[in-house]
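Data block below; observations after.
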2 protein chains.
Amino acid sequence: MDRIAKRQPMEGSEALDLLKSSSLSQLVQSEIQKIILSGRYSAGAKLNEKTLADQLGVSRGPVREAFQALHARGLVEMIPNRGVFVQRITRHDAVAIYDVRAGIFGTACRLLAERITADMVNELNVLLAQMEVAGQRRDIDAYFPLNIEFHTAIVTGTGNQVLADTYFGLISRLQLFRARGLVHGGGFESSNIEHRAIVAALDARDPHGAFEAGWAHVQAGKARILASDENTAGST
Amino acid sequence: MDRIAKRQPMEGSEALDLLKSSSLSQLVQSEIQKIILSGRYSAGAKLNEKTLADQLGVSRGPVREAFQALHARGLVEMIPNRGVFVQRITRHDAVAIYDVRAGIFGTACRLLAERITADMVNELNVLLAQMEVAGQRRDIDAYFPLNIEFHTAIVTGTGNQVLADTYFGLISRLQLFRARGLVHGGGFESSNIEHRAIVAALDARDPHGAFEAGWAHVQAGKARILASDENTAGST
DNA sequence: TGCCTTCGTATTGTCAACAATATGCAATGT
DNA sequence: ACATTGCATATTGTTGACAATACGAAGGCA
């Protein structure tokens, strides 16, 4: 764990974040978030204030502030006088998150369909082609980042920052759900078919079709994850 | 401003909140949120740590923690070494929030259409009737809480807590937008027509129709607010 | 007059100490 | 053997103090 530097302005990797946010709590927050999402702590694990503070080289104050922000983002659970724990995402929670994500992503597609440029369509088509290649090769390490880039391009392409923030908030909570196990390979083919349907609707500037395609894609993803989870563990 | 009691367990109004959350920061947070949403501070106004801490009868620590949570919820803006300010919601922001709200509310309607009970339909019909009475009487004080109850019933009726939280988060940010001025009366008639369309689709268990009705209702509300804002102030 | 520098004050950022609560272990009693 | 009580320890909750930064007024200079 990288010890946060004692205020020396430029310090390697995230100098930009530092310049923008400066305050230690922001730094500590993103650091703890990284730790949580990396899956280093299992779901429900306790986050000790002093331990974390020592690891990051700060006092407990900023750590406690970071906890509050992470709690508001739904990444940790706080029990008074007991402590802070990595949020447990049950199957039931995951379903709820996926349904909201379906609505948000569908909305993104719908909004994008009304304003998408030819360049953006081309960009998505390039990603589509690359994903198909990776899919045929069963190359999950190539496929995964492309898949993320595809969804990110659509969500940020709307130009709606609130939508993007909401979407990424849901994504991070889902990361928490599948933090353990779940290679969730497979489903390349169907996933690519769904991607093509989305781009087709976007290219046709068809808001309704785009929403439906986006919604259906996330719902299909939900089904795939839940099926995969069914096989690996018997979580509540 | 009610001074927060010094730990005496039961203290009038929000004893339940206290029992559940206990920690001062939670209390302070909801208190500051109330202050912000009440519109007592104008948009962009500075929130002084020590002043607030003294008003609430606590030290700066819990106040700072509350700030972090409120920042994560998008209610305040934090500038390093400068302080915390009531979040400014521009017209552009409001449009973005409304678009997301349309998607979320539409999604709520869609999900609810798949699981709504006859009792729930009746409940909504009762609210519908009451709103029509209030609308015909131009009784905004009666109409407003009914309107909120109608939307809340739909959103919570889905049983999806994540969706509800997301929705209410957007609502509170919108409250920030129209905190000043904006009586936004009028539009009763059209609003009621839209409400009827929503309930009709729900009663018909028609997910697509319900989504569209919900989406259209929020979009219409957006148009009404923006038009009203056009007349009152020239915000950015 | 208008602009810049300088200094005092107010405010934020961080920390370490103190108080309150919970946890785990040992001793006691049934 | 098992449950219960009491104590020692660890952890959280809160506070006040100190350091660093920003703000604003007064004064000097062109």
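Because the structure is a prediction, the values reported are computed rather than measured. Below, chain A is the first sequence line, B the second, and so on; all start at residue 1.
- Distance Lys50(B) NZ to dA17(D) P: 11 Å, rounded to the nearest Å.
- The two atoms that bring Tyr167(A) and Arg101(A) nearest to each other are OH-NH2, 3.2 Å, heavy atoms only.
- Salt bridge status for Asp93(B) with Arg88(B): absent, with no side-chain N to carboxylate O gap under 4.0 Å.
- Following rounding to the nearest Å, Arg64(A) (CZ) and dT14(D) (P) show an atom-to-atom distance of 7 Å.
- Side-chain proximity of Pro62(A) to the nucleotides dG13(D), dC15(C), dT11(D) is greatest for dC15(C).
- Among the atoms of the strands shown, none is found under 4.0 Å from any heavy atom of Gly61(A).
- You'll find the ring centres of Phe211(A) and Phe211(B) inside the 6.0 Å limit.
- Nearest heavy-atom pair, Leu202(A) versus Ala113(A), reported as atom, atom and distance to 0.1 Å: CD2-N, 3.7 Å.
- The CD-C1' distance, from Glu49(B) to dT15(D), rounds to 14 Å in whole Å.
- Between Arg60(B) and Glu65(B), it is Glu65(B) whose nearest contact on DNA chain D lies nearer the 5' terminus.
- If you run side chain to side chain contact (heavy atoms under 4.5 Å, CB included) between Val100(B) and each of Thr158(A), Leu111(A), Leu163(A), only Leu163(A) comes through.
- Distance CG (Leu56(A)) to P (dC15(C)): 11 Å, rounded to an integer number of Å.
- Put simply, the side chain of Thr107(A) reaches to within 4.5 Å of the side chain of Trp215(B), judged on heavy atoms.
- One end of the helix from dT1(C)-dA30(D) to dT30(C)-dA1(D) points its axis 10° away from the other end's axis, with each axis taken from 5 pairs and the angle rounded to 10°.
- Arg73(B) and Gln29(B) make their closest contact through NE-NE2, 3.1 Å (heavy atoms, listed as atom of the first residue, atom of the second, distance).
- A straight line from CD1 of Ile79(B) to P of dT11(C) spans 16 Å, rounded to a whole angstrom.
- Using a 4.5 Å heavy-atom threshold, the side chains of Leu56(A) and Ile32(A) count as touching.
- In this entry the distance linking NZ of Lys46(A) with C1' of dT11(D) reads 6 Å, nearest Å.
- For the pair Asp54(B) CG and dT15(D) C1', the computed distance is 13 Å after rounding to whole Å.
- Atom CZ in Phe67(B) sits roughly 8 Å away from atom P in dT12(C) (whole-Å rounding).
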Using a cutoff of under 3.5 Å, can you pull out all pairs of nitrogen or oxygen atoms linking the protein to nucleotides 23-25 of chain C, with atom names and distances?
{"from": "dT23(C)", "atom 1": "OP1", "to": "Arg82(A)", "atom 2": "NE", "distance (Å)": "2.4"}
{"from": "dT23(C)", "atom 1": "OP1", "to": "Arg82(A)", "atom 2": "NH2", "distance (Å)": "3.4"}

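- You'll find that the side chain of Asn48(A) is closest to dT12(D), out of dC15(C), dT12(D), dT12(C).
- The nearest pair of heavy atoms linking Lys222(A) to Asp99(A) is NZ-OD1, 2.8 Å.
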